[in-house]
Amino acid sequence: MVENTPNLPTGDQTWWPHIVDPLRQLGAKIANFFTPTADAAAMEDAYEVNLELPGVAEKDIEVEVREGVMTIRGEKRSEREEKGRHFYFSERSYGAFQRAFRLPADVDEDKIEAHADMGVLHVVLPKRAQTETATSRRIAVKAR
């Protein structure tokens, strides 16, 4: 309880939520830019991309491949109702997110698989079978 402090009401302490309002608004803006962390690895027969998505339901995750780019988007929702409780701060982030990854040319886009497990999204991107070896040749430059 605040005692003998000028310009601050005593007892009820309704001044406290007003002090944190700007921080609450900033937190909401930061949550809109929530970017999950990721790692990517190459194996002999596939690539693997993993995103940390704690608290995101599988139904709220979308994986799309278009023109050689894989886009993962979704939303971490806040659906709690707590009567009689007043929060002074929350460090948990909520909101929409999106990550895009340019795919290597040898990815077989028709065989990409994704599954979520304990807050991590695992995307496996199989490589196409190498039907011919890459060759190179020199192109002659001619004068006109």
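Contact record, R99 with P36: NH1-O, 2.7 Å, taken as the closest heavy-atom pair. The shortest non-hydrogen separation linking A46 to P126 is CB-CA, 3.8 Å.
The CD atom of E48 sits 11.0 Å away from the CD atom of E113 when rounded to the nearest 0.5 Å. For the atom pair CD1 of I72 and CG of L121, the computed distance is 5.0 Å after rounding to the nearest 0.5 Å. With values rounded to the nearest 0.5 angstrom, L53 atom CG is found 9.5 Å from E58 atom CD. Rounded to the nearest 0.5 Å, atoms CG (D106) and CG (D45) are 11.0 Å apart. In this structure, I61 CD1 and F97 CZ are separated by 5.5 Å, a value rounded to the nearest 0.5 Å. Interatomic distance, N50 CG to T37 OG1, rounded to the nearest 0.5 Å: 10.0 Å.
Between L51 and F101 there is a side-chain heavy-atom pair separated by less than 4.5 Å.
Judged by distance alone, with hydrogens and angles left aside, the side-chain atoms of K127 form a donor-acceptor pair with the main-chain N or O of M43 at under 3.5 Å. Of the possible polar contacts, one joining the R128 side chain to the A105 backbone as a donor-acceptor pair under 3.5 Å is found.
For the side chain to side chain contact (heavy atoms under 4.5 Å, CB included) with Y47, the qualifying choice from I112, V107, V123, V124 is V107, the only one to do so.
In this structure E64 satisfies the side-chain contact (heavy atoms from CB on, under 4.5 Å) test together with E62, R66, R73, sequence neighbours excluded.
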Exercise for review: Let me see the working for V56 and E75 under side chain to side chain contact (heavy atoms under 4.5 Å, CB included), right down to the final yes or no.
Suggested key: CA-CA 7 Å; V56 179; E75 185 171 354; over 6 Å; no
Exercise for review: Take V49 and D39 through the test side chain to side chain contact (heavy atoms under 4.5 Å, CB included) and record every step on the way to the result.
Suggested key: CA-CA 6 Å; V49 176; D39 61 40; over 6 Å; no
